[in-house]
Novice: 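Can you keep this structure in mind? I'll have questions shortly.
Values below: all heavy atoms of this structure, side chains included; hydrogens, waters and symmetry mates excluded. By convention in this document, chain letters (A, B, ...) are assigned in the order of the sequence lines, proteins followed by strands, and residues within each chain are numbered from 1. In this text, all values refer to a predicted model and were calculated from it rather than measured experimentally.
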Amino acid sequence: MKNRLKVLRAERGWSQAELATRLEVSRQTVNAIETGKYDPSLPLAFKIADTFEAKIEELFEPESELVR
Amino acid sequence: MNDATEDSAIRPGFWQCLKNSAGMTERDRRNHARFVRWGLAWIAALSLATFFLAHQSIPGTATGWIVASIPAVCMAGMMYRFIEFLRNADELVRNIQLESMAVGFAAAFAVGIGYAVFERAGAPRLEIIDIFQVLVLGYTVGTVVASWRYR
């Protein structure tokens, strides 16, 4: 899963620690999500979207488009 | 913001992975410390109970049963604290723990079942504590590998 977390975080000038505090997770979790090593749970994805005041689909997208 | 250094700066090293503390929040560390304390109490109680039951003439008496039940109480406390830790853990930490436990159980199951065939061929009987050691070893290796993968 690709995401725009790092870009949006940079736009707001937040550090990973600051975002982690806002999301109530560890810095390693934020780092793992940003680097694409870990896909967050649905509740956390909603929380991230809420924090950035964006929709989930604006933050996350699948690696490849699903065959419809 | 120093993004270039930030990502690598928080990467846990090998010892942090081995210590099972990679990615833990303060709450996780606190809950994990409680679990570890109960674990140490269990080891101490088990050692003392084993010593007393082997060296004192109390097996079969009420005192013997009380002494033997103390490690079980500590084990119940340890299990409660681990479940508490897991339920309240950061979701990445929980993921690492579940992967580690899966590796531990798979290793213990594989060795337990696999060795049973060797026992039928005449190999010495394997005690349940030996299987437990394999489980702990598998869990530890799983923790290091999973923590390393998500670092």
Side-chain angles (χ1 to χ4, degrees), chain A, chain B residues 1-36 82-103 140-151:
Chain A
M1 189 96 74
K2 289 189 288 186
N3 68 76
R4 298 179 57 234
L5 219 64
K6 193 167 185 173
V7 175
L8 292 172
R9 182 171 62 79
E11 282 175 4
R12 282 159 180 77
W14 295 342
S15 66
Q16 286 185 336
E18 196 173 343
L19 179 58
T21 304
R22 286 170 188 268
L23 298 172
E24 297 175 310
V25 297
S26 67
R27 280 177 67 175
Q28 196 192 354
T29 302
V30 171
N31 188 56
I33 295 169
E34 283 188 357
T35 52
K37 290 176 183 170
Y38 175 69
D39 292 329
S41 66
L42 204 50
L44 181 56
F46 272 109
K47 204 168 185 177
I48 293 168
D50 192 44
T51 303
F52 286 114
E53 295 174 332
K55 292 178 179 172
I56 285 186
E57 55 267 33
E58 292 169 356
L59 290 170
F60 300 96
E61 60 177 284
E63 290 287 348
S64 57
E65 283 295 320
L66 295 172
V67 178
R68 293 172 194 273
Chain B
M1 187 170 57
N2 52 345
D3 263 337
T5 56
E6 194 175 44
D7 290 355
S8 57
I10 66 160
R11 280 188 171 184
F14 176 77
W15 288 112
Q16 208 177 347
C17 293
L18 189 66
K19 273 172 25 188
N20 198 9
S21 62
M24 284 190 189
T25 60
E26 275 308 309
R27 181 190 57 206
D28 297 339
R29 285 182 216 285
R30 201 169 50 244
N31 287 340
H32 191 258
R34 285 179 184 148
F35 159 67
V36 169
F82 187 73
I83 291 167
E84 180 190 52
F85 159 68
L86 210 57
R87 280 186 177 160
N88 296 303
D90 174 84
E91 67 174 59
L92 180 62
V93 170
R94 193 184 308 136
N95 203 50
I96 289 170
Q97 290 294 321
L98 292 177
E99 284 187 24
S100 308
M101 282 192 284
V103 172
T140 306
V141 171
T143 303
V144 174
V145 171
S147 301
W148 195 263
R149 200 169 66 232
Y150 291 117
R151 68 199 276 270

Novice: Search all heavy atoms of Lys37(A) against all heavy atoms of Arg149(B) and return the closest pair with its distance.
Specialist: CD-O, 3.6 Å

Novice: Which atoms of Asn95(B) are under 4.5 Å from chain A, going by heavy atoms: the side chain, the backbone, both sets, or neither?
Specialist: side chain

Novice: Gln28(A) pairs by side chain to side chain contact (heavy atoms under 4.5 Å, CB included) with which of Asp90(B), Leu92(B), Thr25(B)?
Specialist: Leu92(B)

Novice: Give a yes or no on whether Glu53(A) atom CD has more than 12 heavy-atom contacts from other residues, nucleotides or ligands under 6.0 Å away.
Specialist: no

Novice: Taking side-chain hydrogen bond (donor to acceptor under 3.5 Å, both in side chains) as the definition, give me every residue that meets it alongside Thr51(A), ordered by chain and number, with sequence neighbours left out.
Specialist: none

Novice: To the closest 0.5 Å, what do you measure between CG (Asn31(A)) and OH (Tyr150(B))?
Specialist: 13.5 Å

Novice: Looking at Glu84(B), I'd like to know if its CD atom is crowded, meaning that more than 12 non-hydrogen atoms belonging to other residues, nucleotides or ligands lie closer than 6.0 Å.
Specialist: yes

Novice: Can you list everything that forms a side-chain hydrogen bond (donor to acceptor under 3.5 Å, both in side chains) with Arg12(A)? Sequence neighbours excluded, please.
Specialist: none

Novice: Under the side-chain hydrogen bond (donor to acceptor under 3.5 Å, both in side chains) test, which residues partner Asn31(B), sequence neighbours left out?
Specialist: Arg34(B)

Novice: Using 0.5 Å steps for rounding, measure from the CZ atom of Arg94(B) to the OG1 atom of Thr29(A).
Specialist: 10.5 Å

Novice: Under 4.5 Å, heavy atom to heavy atom: which of residues 39-50 of chain A reach chain B? Give them by number, or say none.
Specialist: Pro40(A), Ser41(A), Leu44(A)

